[in-house]
Participant: 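Pasting in a structure now, in structure tokens, and then I'll have a few things to ask.
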Amino acid sequence: MGDLTRKTAVELAELMSSGQAGSAEITQAHLDRIAATDEAVHAFLYVDTDGALAQAKAIDERRAAGEQLGPLAGVPLALKDVLTQKDVPTTAGSKILEGWKPPYDATLVARLKAAGIVILGKTNMDEFAMGSSTENSAYGPTRNPWDLTKIPGGSGGGSSASLAAWQAPLAIGTDTGGSIRQPGAVTGTVGVKPTYGGTSRYGLIALASSLDTPGPCARTVLDAALLHEVIAGHDPLDSTSIDQPVPPVVEAARRGSVEGLRIGVVKELGGEGYQSGVEARFREAVELLTKLGAEVTEVSCPHFQYGLPAYYLILPSEASSNLAKFDAMRFGLRVGDDGELSAEEVMAKTREAGFGAEVKRRIMLGTYALSSGYYDAYYGQAQKVRTLIQRDFEKAYEQVDVLVSPSTPTTAFGIGERIDDPLAMYKNDLCTIPSNLAGNAAASFPCGLADEDGLPVGFHVMAPVMKDERLYAVGAALEAALAEQWGGVLMTKAPELEVAGR
Ligand code: GLN
């Protein structure tokens, strides 16, 4: 049967349905792997050993009783710590929520549980999902399993690293400006940002409510599609949830055909500032898709260049308002409550102690951008740019079915390299941000290793609202063609981690 941690979710599901392995055994294998590797990687903030094993046993019992279970029942998963899970510590990577246990499950978590998916624990992330490297976590950085001196991406670096360290076959991320796709790109894994409103935000600790989108992370395209199907769909508890059928993502992933698909290469997302190894792998992937029958053209989206500045006004504005609820009264940390200080003073002391530097920076930026006298000049202007970017997409989609670019301008950089330079950090998001501003579907798929550093490169695909299946069609076609070259998925090329006790 081999090492259970090296299998895909689909393979694990087959082992279970054919009676060759139980969920308890599979879950234990992943918990053992976490125990052996997470001191080095630090993908998890909390490992729910007892909860996961209890869930796994319950699934095994239901299967033994002859119950019909969903396609991913019994498969383990790593959950980003920004989603509430009842009675399990949830911090969003912040000190201000240390020790808080949510009284309810996020809709997404409830759906995972209903599908019989086993939740191994909560993964590390940049504080309140602000960042591209996981270095902004109040609990210390996560390391990239491909090279432990490099960042695993962010904000969802814990989720992507757990996949790349073979600690979990499935993970959940959230993408506000790229936090599923960029971590996927730099760890050689698959990350999908569904259409905004395609997955529920209920129980997701908000960063920027008009952008936040939870989505699936996996090592293969089909695994991601199966997870997508579990978590997507209308939720009356989320006012921006789309009340339409889930796009046929699994079918598209199984078929994996790009025959006749019109692909537009975005002219503005390349060139200066892009690492040569990233551009080389990207071009080869485009050629491969052409050989597989896609019609490739170049498309111009002139306003994408203003995406970054617009995002870094809209996001802090929404974040400053969303984070006002952390007031020392309702959740988590409370500092200075000695009976002498006023409520306002306790609030100020708690926020001073509980928030990290990046969070404070964005609260100040957002408060400034929203203040009277500046509102029109900053927030209002950024919203106009957002509309222009949406129009660029609409025009492009009149000519093509999907748009493509590299997922990130560079491969994983060194831990500590950009932490003191917010602008250099923000530039990670150049390619990913436009889809968040427009609410489009988008994904990153592994497309090879850069020659300079041998690190993974991501292929970025963008599709119109509720056409998420097109992402999977491209991803699956690419994956199948590249598997012939690589002898499997890109992750099989990852170096072995030096594991304690080996
Ligand atoms: N890197 C982006 C930021 O710092 C993305 C955040 C996200 O998608 N959560 O805002």
Side-chain angles (χ1 to χ4, degrees), residues 80-83 91-94 123-137 141-142 151-160 171-187 191-194 196 199 201 204-217 307-320 322-323 355-366 369 382 386 407-410 412-413 417-419 421-444 458 460 462:
K80 189 176 179 182
D81 201 29
V82 73
L83 285 142
T91 68
S94 182
T123 56
N124 198 13
M125 54 183 283
D126 286 299
E127 186 174 5
F128 289 110
M130 298 180 188
S132 306
S133 67
T134 318
E135 290 167 291
N136 293 333
S137 166
T142 297
I151 59 106
S155 60
S159 284
S160 63
I172 293 290
T174 58
D175 195 311
T176 304
S179 288
I180 289 176
R181 290 164 285 160
Q182 183 255 5
V186 300
T187 57
V192 179
K193 180 196 98 66
Y196 175 80
T199 43
R201 289 184 296 110
L204 161 61
I205 298 170
L207 170 54
S209 309
S210 77
L211 304 163
D212 295 344
T213 313
C217 312
L308 202 65
Y311 171 88
Y312 277 101
L313 284 168
I314 292 169
L315 178 134
S317 299
E318 293 188 22
S320 69
N322 276 327
L323 295 178
F355 287 142
E358 183 64 21
V359 174
K360 287 175 185 156
R361 178 158 38 234
R362 295 199 195 189
I363 290 175
M364 286 192 284
L365 257 171
R386 188 173 189 173
S407 300
T408 53
T410 69
F413 47 90
E417 224 172 85
R418 297 192 191 173
I419 193 70
D421 185 350
L423 265 185
M425 192 69 91
Y426 297 169
K427 281 187 183 153
N428 277 291
D429 311 330
L430 268 177
C431 307
T432 48
I433 276 174
S435 324
N436 294 87
L437 290 174
N440 277 211
S444 178
H460 188 219
M462 297 162 266

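Computed from a predicted structure; not experimentally measured. Ligands are counted one by one from 1 in listed order, and the atoms in each one are counted from 1 as well.
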Participant: I'd like to know if the side chain of D212 reaches the main chain of A206, judged simply by a donor and an acceptor atom lying under 3.5 Å from each other, with no hydrogens or angles considered.
Facilitator: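 Answer holds: no.
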Participant: Answer whether the closest heavy-atom distance between the side chains of N124 and D81 falls below 4.5 Å.
Facilitator: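 Heavy-atom side-chain distance check fails, nothing below 4.5 Å.
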Participant: Look at the side chain of K360 and the backbone N and O of F355, then say whether any donor-acceptor pair between them is shorter than 3.5 Å.
Facilitator: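 Indeed, once roles are kept as given, a pair shorter than 3.5 Å links the two residues.
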Participant: Determine whether T134 and T142 satisfy the following criterion, side-chain hydrogen bond (donor to acceptor under 3.5 Å, both in side chains), listing intermediate values before the conclusion.
Facilitator: CA-CA 6 Å; T134 318; T142 297; 4.9 Å; no
Participant: Do the rings of Y426 and Y312 sit parallel, tilted or perpendicular, given the 30° and 60° boundaries?
Facilitator: parallel
Participant: Which part of F128 is near ligand 1, with near meaning a heavy atom under 4.0 Å away: side chain, backbone, both or neither?
Facilitator: neither
Participant: Test K427 against T410 for side-chain hydrogen bond (donor to acceptor under 3.5 Å, both in side chains), laying out the working first.
Facilitator: CA-CA 10 Å; K427 281 187 183 153; T410 69; over 6 Å; no
Participant: Short list, please: which atoms of ligand 1 are under 4.0 Å from a heavy atom of A129?
Facilitator: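 Those atoms are 6 (C), 7 (C), 9 (N).
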Participant: State the atoms of ligand 1, each with its element, that fall below the 4.0 Å cut-off from a heavy-atom position in Y311.
Facilitator: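 Selected atoms, number and element: 2 (C), 3 (C), 5 (C), 6 (C), 10 (O).
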Participant: Could you tell me whether G177 and ligand 1 have an N or O pair separated by under 3.5 Å?
Facilitator: yes
Participant: Looking at ligand 1, does any of its N/O atoms fall within less than 3.5 Å of an N/O of G131?
Facilitator: yes
Participant: For ligand 1, is there an atom lying under 4.0 Å from some heavy atom of Y312?
Facilitator: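 Under 4.0 Å: yes for Y312.
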Participant: Using 0.5 Å steps for rounding, measure from the CD atom of E127 to the CD atom of E358.
Facilitator: 9.5 Å
Participant: Geometry only, no angles: is S132 polar-contacting ligand 1 at N/O separations under 3.5 Å?
Facilitator: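 Yes, at least one N or O pair falls under 3.5 Å.
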Participant: Which of the numbered atoms in ligand 1 are under 4.0 angstrom from any heavy atom belonging to S155?
Facilitator: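 Answer for ligand 1: 9 (N).
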Participant: Should R362 be counted as touching ligand 1, given the test is an N or O pair under 3.5 Å?
Facilitator: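 Min N/O separation from ligand 1 is below 3.5 Å for R362.
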Participant: Less than 4.0 Å is my threshold; does some heavy atom of R181 fall inside it relative to ligand 1?
Facilitator: no
Participant: Taking 4.0 Å as the limit for heavy-atom contacts, which would you say applies to D429 with ligand 1: side chain only, backbone only, both, or neither?
Facilitator: side chain
Participant: Where do Q182 and T432 land on the side-chain hydrogen bond (donor to acceptor under 3.5 Å, both in side chains) test, with the steps shown first?
Facilitator: CA-CA 8 Å; Q182 183 255 5; T432 48; over 6 Å; no
Participant: Just how far is it from atom CG of L308 to atom CG of L423, taken to the nearest 0.5 Å?
Facilitator: 8.0 Å
Participant: Number the atoms of ligand 1 from 1 as they appear, then name those within less than 4.0 Å of a heavy atom of S179, with their elements.
Facilitator: 5 (C), 6 (C), 7 (C), 8 (O), 9 (N)
Participant: Below 3.5 Å, N or O to N or O, backbone or side chain included: is there any such pair between G178 and ligand 1?
Facilitator: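 N/O-N/O distance under 3.5 Å: yes.
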